[in-house]
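Let me begin by presenting the structure, written as structure tokens, before commenting on it.
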Amino acid sequence: MDIMSIFKEQANELLMKFGISKEVERAKEGFGDFTLPCFFLAKKYRKNPAEIARDIANKIEKNEYFDKIEAVGPYLNFHINQKKLSEIVLKNTLDEKIFQFDKKGKVVVEHTSANPTGPLHVGRARNPIIGDTMARILKEYGFEVETQYFVNDAGLQVATLLWGIKNLRNENEQENDTKCDHKLVRYYQRASKMAKEDKIVEKEIRETMKNYEAGEPELRELAKKEIGCVLSGISETLRRINVEIDKYVWESTLIPHTREIVSKLKEYLSEENGAYYIDFKKLNVKLQKDKFYLYRQDGTTLYFLRDIAYHLEKAKKTKKIIDVMGEDHKLHFNALREVLKLLDPAIDMKALFYSFVSLPDGKMSTRRGNAVYLDDLIDEGFKKAMEIIKDRGYDTNEENNIAMAVATSAIRYSILNVQEEKKIVFKWDRALSFDGESAPFIMYTYARAISILSKTEWCGEYNHEKLTHPNEIKLLKLLAEYPTVVRESVEKLSPYIMAKYAYSLATQFNQFYRDCPVLSSDLNTKNARIALVKAFTKVMEHVMNNLGISRLQKM
RNA sequence: GGGCGCGUGGCCUAGCAUGGAUAGGGCACCAGCCUUCUAAGCUGGGAAUCCCGGGUUCAAAUCCCGGCGCGCCCGCCA
């Protein structure tokens, strides 16, 4: 239930009586709640906007939803009736109607899909954090969400890893890392370096890829074991930052379907030295390039083809598909969408693109070995949090829980708090910020609220008219925004809208906390304030859940 | 060279879609606030040519055109 729109519609209705169909806008802080800038009426009435605003303000009928409708210069400002506001917000939040959204059917959200050649690094981490958060918000909005990870076990990168494991691993080598992703990445790094310098190695890797696609049992076995192991390392890291993937789809399982798909695309195909590509000139689609290769000269499949097969597979489940991808995939995605349009016109594909996370001195790359691993960042955050809480009298178990929750939530938030299309330059102190606009700030605020509730018994009754302090009213208004925030995050496919909301909600609660004592107030005020704190914790729980930020009762 | 995205105090960031009222936050810095619901908090302060130049408009950070800078893409890699 969208509470703010109830008030907005009331305002629009009042204006309809003047023949004004332009909708009111949200007013700036200090100018009421909604406003109608009257400039656009100036020509029609041949009067200056301020005069028009004044005229309307004099004639307009108020109703129970508004206290005051006044002209301020050329603006007509609407002030919401506070009692009506507190009544509606408290009631609908406490009985959870504010969290009810229409059911919207299935959607597949693909995210992360990092090559299983090594540990997740901080550059890659933007994908699961944005993807998982988007999936959570879609769920909240009423979608039935399935998240998927496309496991690239068929391409050149993975063949490089397999070749490396087969040829470079020896029993004398110390493999101190306990996680496979960290243990095996060295072979990938060495093998790709060798392939660059040595034509024979490169040829062998291509041979490996070919044999793997052809289904050679020994290689299949090796891949299943070792890639599976790297992947379990990656998913363990993901779990540490509260990311759970519903389904892993291995690329190699799709290769058998590719022949059939290609036969349907025959009329758009061209051949060059035995390699096949889709010619976008034949599709009459203008992209930055025309040739999208499906098969190599040696007959092995290419990512573009496998991705077509994968998306058709997704489309069997639902036509609504959302891909979370780095901005480097934009051209690929546009081409993919065009091809899928031919194969299944009902497919509704959307993409959430994000820009890269780089290091101050340039790109992060597993292959080049200059990446900051996500596991290391989490460990570092854990240490930092431990340092802060070690003298606060928690037992070891609690300490570990709190420090881990703080570290992982802080990392998630530092990514989510930036608009997706802005690039991020990684800095340790920024990624692990615990003050100001950060997850720990939000978690701390929540813990404060919980602490109040834990110190009192509440009868469940309240008189909403007791809430009159400006910081009570502001908090109520912000709570009322929740459904709008969810909807906007979904419509714009932008989790950061939710992240910004979490911060403003926490900030506003802290203002309330400072000015409006709960437990020491007279009984009626106390009960109303408890209701408000309760409402706040309910909304905040949903917000934190949307963002994948852990909730702590104490910290 | 072409395409896409970004450019806001020392650093980071919101606002830009749908032009409007003092450009909102955070970090860092300075000065304050813990005998009263958790100081990971709160209050106050200094700090901005909204990349540059044109244009549209009563009004431009926001729209249009032209530059500049940065990132990404233009692979029989993914």
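Per chain, numbering begins at 1; letters A, B, ... match sequence-line order.
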Classify [X] by what it touches in the nucleic acid, base, sugar-phosphate, or nothing, heavy-atom distance under 4.0 Å.
| X | result |
| --- | --- |
| A:Lys492 | base |
| A:Asn77 | base |
| A:Leu453 | nothing |
| A:Lys291 | nothing |
| A:Arg367 | nothing |
| A:Glu387 | nothing |
| A:Cys38 | nothing |
| A:Glu25 | nothing |
| A:Asn273 | base |
| A:Tyr496 | sugar-phosphate |
| A:Ser355 | nothing |
| A:Val533 | nothing |
| A:Tyr277 | nothing |
| A:Met555 | base |

Got a list of protein N/O to nucleotides 58-62 of chain B N/O distances below 3.5 Å?
none

So, with a heavy-atom separation below 4.0 Å from RNA chain B, the residues of residues 111-124 of chain A are A:Asn115

Within residues 357-366 of chain A, the residues having a heavy atom closer than 4.0 Å to RNA chain B are A:Lys363

Next item on the list: Check A:Tyr446, A:Phe509, A:Phe512 against A:Phe536 for a ring pair (Phe, Tyr, Trp, His ring centres under 6.0 Å) and give me the one that passes.
Entry: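 So, applying the ring pair (Phe, Tyr, Trp, His ring centres under 6.0 Å) to A:Phe536 and each of A:Tyr446, A:Phe509, A:Phe512, only A:Phe509 qualifies.
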
Practice prompt. Just do the side-chain contact (heavy atoms from CB on, under 4.5 Å) check on A:Arg430 and A:Ile424 with the steps written out, would you?
Written response: CA-CA 10 Å; A:Arg430 200 185 138 194; A:Ile424 295 180; 4.1 Å; yes

Under 4.0 Å: is that the gap between some side-chain N or O of [X] and OP1 or OP2 of [N]?
| X | N | result |
| --- | --- | --- |
| A:Arg514 | B:U43 | yes |
| A:Arg448 | B:A39 | yes |
| A:Lys330 | B:C73 | no |
| A:Gln511 | B:G41 | no |

Tested for salt bridge (Lys or Arg N to Asp or Glu O under 4.0 Å) against A:Lys8, the lone hit among A:Glu481, A:Glu23, A:Glu25 is A:Glu23

Contacts satisfying salt bridge (Lys or Arg N to Asp or Glu O under 4.0 Å) that involve residues 497-508 of chain A (not counting sequence neighbours) are A:Glu437-A:Lys500

Could you give all pairs that pass the salt bridge (Lys or Arg N to Asp or Glu O under 4.0 Å) test and reach residues 414-425 of chain A, with sequence neighbours left out?
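For residues 414-425 of chain A: none.
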
For the pair made of [atom1] in [X] and [atom2] in [N], what is the distance, rounded to whole Å?
| X | N | atom1 | atom2 | value |
| --- | --- | --- | --- | --- |
| A:Phe356 | B:G71 | CZ | P | 13 Å |
| A:His332 | B:G3 | NE2 | C1' | 18 Å |
| A:Asn127 | B:C72 | CG | P | 17 Å |
| A:Leu478 | B:G25 | CG | P | 14 Å |
| A:Arg306 | B:C76 | CZ | P | 14 Å |
| A:Arg487 | B:A17 | CZ | P | 17 Å |

With sequence neighbours excluded, residues passing side chain to side chain donor-acceptor pair (under 3.5 Å) with [X]:
| X | answer |
| --- | --- |
| A:Asn48 | none |
| A:Lys330 | none |
| A:Glu51 | none |

(message) Can you tell me how far apart CD (A:Glu380) and CG (A:Asp429) are? Round to the nearest 0.5 Å.
(response)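 One gets 11.5 Å once the value is rounded to the nearest 0.5 Å.
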
Is there a donor-acceptor pair under 3.5 Å between the side chain of [X] and the backbone N or O of [Y]?
| X | Y | answer |
| --- | --- | --- |
| A:Ser433 | A:Asp435 | yes |
| A:Tyr188 | A:Gly164 | no |
| A:Asp153 | A:Ser252 | yes |

Taking atom C1' in both B:U22 and B:G7, compute the distance separating them and give it to the nearest angstrom.
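Nearest-Å result for B:U22 against B:G7 at atom C1': 25 Å.
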
Could you go through residues 299-309 of chain A and list every donor-acceptor pair under 3.5 Å that involves a side-chain atom there, pairing it with any protein atom two or more places apart or in another chain?
{"residue": "A:Thr300", "atom": "OG1", "partner": "A:Arg296", "partner atom": "NH1", "Å": "2.9"}
{"residue": "A:Thr300", "atom": "OG1", "partner": "A:Asp298", "partner atom": "OD1", "Å": "2.6"}
{"residue": "A:Thr301", "atom": "OG1", "partner": "A:Glu213", "partner atom": "OE1", "Å": "3.4"}
{"residue": "A:Thr301", "atom": "OG1", "partner": "A:Glu213", "partner atom": "OE2", "Å": "2.8"}
{"residue": "A:Thr301", "atom": "OG1", "partner": "A:Arg306", "partner atom": "NH1", "Å": "3.2"}
{"residue": "A:Tyr303", "atom": "OH", "partner": "A:His329", "partner atom": "NE2", "Å": "3.4"}
{"residue": "A:Arg306", "atom": "NE", "partner": "A:Glu251", "partner atom": "OE1", "Å": "2.1"}
{"residue": "A:Arg306", "atom": "NH1", "partner": "A:Thr301", "partner atom": "O", "Å": "2.9"}
{"residue": "A:Arg306", "atom": "NH2", "partner": "A:Glu251", "partner atom": "OE1", "Å": "3.2"}
{"residue": "A:Asp307", "atom": "OD1", "partner": "A:His311", "partner atom": "ND1", "Å": "3.4"}
{"residue": "A:Asp307", "atom": "OD2", "partner": "A:His332", "partner atom": "NE2", "Å": "2.7"}

Review point. Think A:Arg448 forms a cation-pi with A:Tyr513, using NZ or CZ under 6.0 Å from the six-ring centre and within 45 degrees of its axis?
Key: yes

Using the ring of A:Tyr394 (Phe, Tyr or Trp, six-membered ring only), decide whether A:Lys554 places NZ or CZ under 6.0 Å from its centre and within 45 degrees of its axis. no

Watson-Crick or G-U counterpart of [N], or none if no pair lies under 3.5 Å:
| N | value |
| --- | --- |
| B:C4 | B:G71 |
| B:C63 | B:G55 |
| B:G46 | none |

| query | Going by the side-chain hydrogen bond (donor to acceptor under 3.5 Å, both in side chains) test, which pairs reach into residues 272-285 of chain A, not counting sequence neighbours? | reply |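 Applying side-chain hydrogen bond (donor to acceptor under 3.5 Å, both in side chains) to every pair that reaches into residues 272-285 of chain A, excluding sequence neighbours, yields A:Ser270-A:Lys282, A:Glu272-A:Lys291, A:Glu272-A:Tyr293.
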
Item to complete: Classify the angle between the aromatic ring planes of A:Phe292 and A:Phe280 as parallel (below 30°), tilted (30 to 60°) or perpendicular (above 60°).
Response: tilted

Between protein and nucleic acid, restricted to nucleotides 6-10 of chain B and to nitrogen or oxygen atoms under 3.5 Å apart, what atom pairs and distances do you find?
{"residue": "B:G7", "atom": "OP1", "partner": "A:Lys422", "partner atom": "NZ", "Å": "3.2"}

- Judged by modelled atom types alone, do A:Ser113 and A:Asn152 share a side-chain donor-acceptor pair under 3.5 Å?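 Judged by distance alone, the side chains do not pair up.
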
Notebook entry, point to check: Do A:Ser451 and A:Lys455 get their side chains close enough for a donor-acceptor pair, meaning under 3.5 Å?
Noted result: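 There is such a pair (donor and acceptor under 3.5 Å, judged by atom type) between the side chains of A:Ser451 and A:Lys455.
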
Q. Does B:C58 fall in syn (glycosidic angle within 90° of 0) or anti?
A.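 Anti.
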
Filtered N/O pairs between nucleotides 27-36 of chain B and protein, under 3.5 Å:
none

